[in-house]
Colleague: 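My questions all concern the structure below.
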Amino acid sequence: MTDTFPNHETDAELVISAIGDLNRLAAVAIIGRHVADLATACAVKLGLYAEVETDRDLAEARILIEALAGLIDGAAPHSGTHATTLRETLRQLQQAFRHYSLIQDEPGTAPGERYTGYVSP
């Protein structure tokens with residue numbers, strides 16, 4: 001591979017660089033990046049990006065919301081001033097999920113609600 005891309009780092013150098021990058025980040029920043037990735041993926045699965053036409057996939061969105069809720073719940077004691085924003089983002093995704101669901105989950109059983117409690121539509 002180094003013959004094809006002689007100016008690129010080797011795999012070992014990339015790994016060492018990535019480890020250094022992670023070492024410089026605070027744990028809360030790493031969690032924040034993952035929260036942003038999960039929330040964005042969930043919004044895509046819910047079809048919330050009007051600019052991009054995608055098929056709505058509620059089964060996939062359910063999984064992502066559940067994971068996002070668990071991460072936000074677990075990180076809450078360390079999220080400081082960001083906790084409210086993270087919870088609001090999650091709530092909006094949960095509401096969108098309920099809005100698009102043809103068959104409604106029982107209160108408290110929708111994605112993420114075991115962490116957040118019932119989220120009304």
Colleague: Could you tell me whether the side chain of Glu113 and the main chain of Val119 form a donor-acceptor pair under 3.5 Å?
Modeller: yes
Colleague: Can any side-chain N or O of Ser79 pair as donor or acceptor with the backbone N or O of Ala75 at less than 3.5 Å?
Modeller: yes
Colleague: Hey, could you give me the OG1/CD distance between Thr109 and Gln104, rounded to the nearest 0.5 Å?
Modeller: 10.0 Å
Colleague: Mind checking the CG-OG1 spacing from Leu38 to Thr89? Nearest 0.5 Å is all I need.
Modeller: 12.0 Å
Colleague: Main chain of Ala29, side chain of Arg33: is a donor-acceptor contact present, judged purely on distance under 3.5 Å?
Modeller: no
Colleague: Please answer: with hydrophobic residues joined when any side-chain heavy atoms are less than 4.5 Å apart, are Val44 and Phe97 in the same cluster?
Modeller: no
Colleague: On a heavy-atom basis, which atom in Ala76 and which in Ala83 lie closest, and how many Å separate them?
Modeller: O-CB, 4.4 Å
Colleague: What's the verdict on side-chain contact (heavy atoms from CB on, under 4.5 Å) for Leu46 and Leu58, showing C-alpha distance, side-chain angles and the deciding distance?
Modeller: CA-CA 6 Å; Leu46 289 170; Leu58 294 180; 3.6 Å; yes
Colleague: Starting from the C-alpha separation in whole Å, work towards a yes-or-no answer on side chain to side chain donor-acceptor pair (under 3.5 Å) for Gln94 and Arg98.
Modeller: CA-CA 6 Å; Gln94 288 172 302; Arg98 273 203 185 274; over 6 Å; no
Colleague: Side-chain heavy atoms under 4.5 angstrom apart, residues restricted to Ile, Leu, Val, Met, Phe, Trp, Tyr: same cluster for Tyr118 and Tyr100?
Modeller: no
Colleague: Starting from the C-alpha separation in whole Å, work towards a yes-or-no answer on side-chain contact (heavy atoms from CB on, under 4.5 Å) for Glu66 and Arg114.
Modeller: CA-CA 9 Å; Glu66 191 69 24; Arg114 69 174 145 160; 2.4 Å; yes
Colleague: For residues Leu71 and Leu86: do they belong to one hydrophobic cluster (side chain heavy atoms under 4.5 Å, members Ile, Leu, Val, Met, Phe, Trp, Tyr)?
Modeller: yes
Colleague: Can you list the steps and then say if Arg62 with Asp105 is a side-chain contact (heavy atoms from CB on, under 4.5 Å)?
Modeller: CA-CA 11 Å; Arg62 178 182 293 277; Asp105 292 300; 3.0 Å; yes
Colleague: Got a donor-acceptor contact below 3.5 angstrom from the Ser17 side chain to the Glu13 backbone?
Modeller: no
Colleague: Has Glu106 got more than 12 heavy atoms of other residues, nucleotides or ligands less than 6.0 Å from its CD?
Modeller: no
Colleague: Are Ile63 and Leu93 co-members of a hydrophobic cluster defined by side-chain heavy atoms under 4.5 Å apart?
Modeller: no
Colleague: Same hydrophobic cluster for Ile65 and Val35, using side-chain heavy-atom links shorter than 4.5 Å among ILVMFWY?
Modeller: yes
Colleague: List the atom of Tyr49, the atom of Ala43, and the distance in Å for their closest heavy-atom pair.
Modeller: CE1-CB, 3.6 Å
Colleague: Out of curiosity, His82 NE2 to Thr84 OG1, how far, rounded to the nearest 0.5 Å?
Modeller: 10.5 Å
Colleague: Closest heavy-atom contact between Cys42 and Ala61?
Modeller: SG-O, 4.0 Å
